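Quantities reported herein were computed from a predicted structural model and do not represent experimental measurements. Chain A is the first sequence line, chain B the second, and so forth, proteins listed ahead of strands; every chain is numbered from 1.
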Amino acid sequence: MAEILTLSETSRPRPEGQWKAKLSKAFYEKPTLVVAKELLGKYLVVRHPNRILSGKIVEVEAYVGEEDPACHAAVGLTDRNHIMYGPGGFAYIYFIYGMYHCLNFVTEQAGLPAAVLIRGLEPVEGVEEMKRRRDHRSVSGLANGPGKICQAFGIDKTFYGLELTGTRIWVEDRGEKRPAITQSARIGVAAGKDKPWRFYVPKSSGVSKDGKKR
DNA sequence: TGTTGGATCAACT
DNA sequence: GTTGATCCAACAC
């Protein structure tokens with residue numbers, strides 16, 4: 001575990017003494033299903049000018065390769081999905097249904113297009129800021145869905161291709177034990193329903209609503 | 001150049 | 001359970 005963690009300026013132990021380590025590029029270059037499961041219980045952090053927003057990741061989905069019909073790389077290399085063809089450790093953002101952005105982390109080695117979609121978070125730092133961005137909704141409804149996460153955290157296409165080892169957006173291991181994980185089919189996809197590549201922390205308030213029903 | 005449908009969400013009935 | 005909002009990438013012409 002320790003070898004995949006890299007301390008850097010932004011993940012230095014803080015005054016409170018809480019242990020925080022930014023995940024390194026090597027973390028994301030592993031097989032996508034492994035990365036997806038290991039992301040649960042980690043913390044997404046986004047830095048805006050003078051403001052830090054963070055949340056615990058509790059729901060993700062894996063999309064792996066051109067042979068996965070639900071993966072955006074199923075159509076081959078395009079302007080939209082090209083970042084997935086590079087090495088892991090970068091942000092893949094796409095715009096959907098005319099109004100929402102979705103946040104993904106590129107995984108695997110260069111040449112294998114794959115990513116993990118971040119579907120659900122429990123807000124931690126910057127909750128008031130998230131409420132403002134999300135039209136003052138209750139905490140439990142702030143980031144329990146991929147479109148809501150991007151609204152709450154202010155993530156848009158300007159985040160496309162950003163390094164997850166940089167200073168704008170990253171993931172921290174705060175030393176918590178890995179949570180119990182449930183898996184299921186992915187949500188909202190027409191193709192690839194046979195692959196149980198959605199992973200989530202059962203009973204978390206940050207799991208998307210659609211997901212709770214299944 | 002035009003058409004179509006989507007890894008969503010909220011507000012309906 | 002159904003539908004509207006509303007953009008853009010993909011694909012057919």
Engineer: Would you say A/S204 and A/E59 are linked by a side-chain donor-acceptor pair, where the criterion is simply a distance under 3.5 Å?
Structural biologist: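 Per modelled atom types, A/E59 and A/S204 side chains form no pair under 3.5 Å.
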Engineer: Using a cut-off of less than 4.0 Å, is there contact between a side-chain N or O of A/R137 and OP1 or OP2 of B/dC9?
Structural biologist: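 Looking at the OP1 and OP2 atoms of B/dC9, neither is under 4.0 Å from any side-chain N or O of A/R137.
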Engineer: So, is A/K209 near the phosphate of B/dT8, with a side-chain N or O under 4.0 Å from OP1 or OP2?
Structural biologist: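 For B/dT8, neither OP1 nor OP2 has a side-chain N or O of A/K209 closer than 4.0 Å.
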Engineer: Looking at every strand, decide which applies to A/Y97 at a 4.0 Å heavy-atom threshold: base, sugar-phosphate, or nothing.
Structural biologist: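 Here A/Y97 touches the bases of the nucleic acid.
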Engineer: Can you give me the first and the last nucleotide of DNA chain C (5' to 3') that has an atom within less than 4.0 angstrom of a non-hydrogen atom in chain A?
Structural biologist: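 Result: C/dA5 to C/dC11.
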Engineer: Looking for any heavy atom pair under 4.0 Å, which part of the strands does A/K157 touch: base, sugar-phosphate only, or nothing?
Structural biologist: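 Result for A/K157 = sugar-phosphate.
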Engineer: Is it true that A/E172 and A/K22 make a salt bridge, defined as a side-chain N closer than 4.0 Å to a carboxylate O?
Structural biologist: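 Salt bridge: no.
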Engineer: With a 6.0 Å cut-off on the ring centroids, do A/H101 and A/Y94 count as close?
Structural biologist: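 No, too far apart.
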Engineer: Is a donor from one side chain sitting under 3.5 angstrom from an acceptor on the other, for A/Y28 and A/E38?
Structural biologist: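 Absent: no donor and acceptor within the cut-off.
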Engineer: Scan A/G147 against the nucleic acid and name what it touches under 4.0 Å (heavy atoms): base, sugar-phosphate only, or nothing.
Structural biologist: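 Here A/G147 touches the backbone only, sparing every base.
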Engineer: Give a yes-or-no answer on whether the side chains of A/Y43 and A/E125 include a donor-acceptor pair shorter than 3.5 Å.
Structural biologist: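 No, no side-chain donor-acceptor contact under 3.5 Å.
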Engineer: So, is A/R134 near the phosphate of B/dC9, with a side-chain N or O under 4.0 Å from OP1 or OP2?
Structural biologist: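 The answer is no; no side-chain N or O of A/R134 sits under 4.0 Å from OP1 or OP2.
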Engineer: Whole angstrom is fine here: how far is it from NZ in A/K148 over to P in B/dC9?
Structural biologist: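 My rounded result for the distance is 6 Å.
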Engineer: Look at A/R132 together with A/E128 and state whether they make a salt bridge at an N to O cut-off of under 4.0 Å.
Structural biologist: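 A/E128 and A/R132: not salt-bridged.
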Engineer: Taking 4.0 angstrom as the limit, do A/D194 and A/R186 come out as a salt bridge?
Structural biologist: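 Salt bridge flag = no for A/R186 with A/D194.
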Engineer: Which dot-bracket string describes DNA chain B (Watson-Crick N1-N3 plus N6-O4 or O6-N4, or G-U N1-O2 and O6-N3, all under 3.5 Å; [ ] crossing; | other strand)?
Structural biologist: ||||||.|||||.
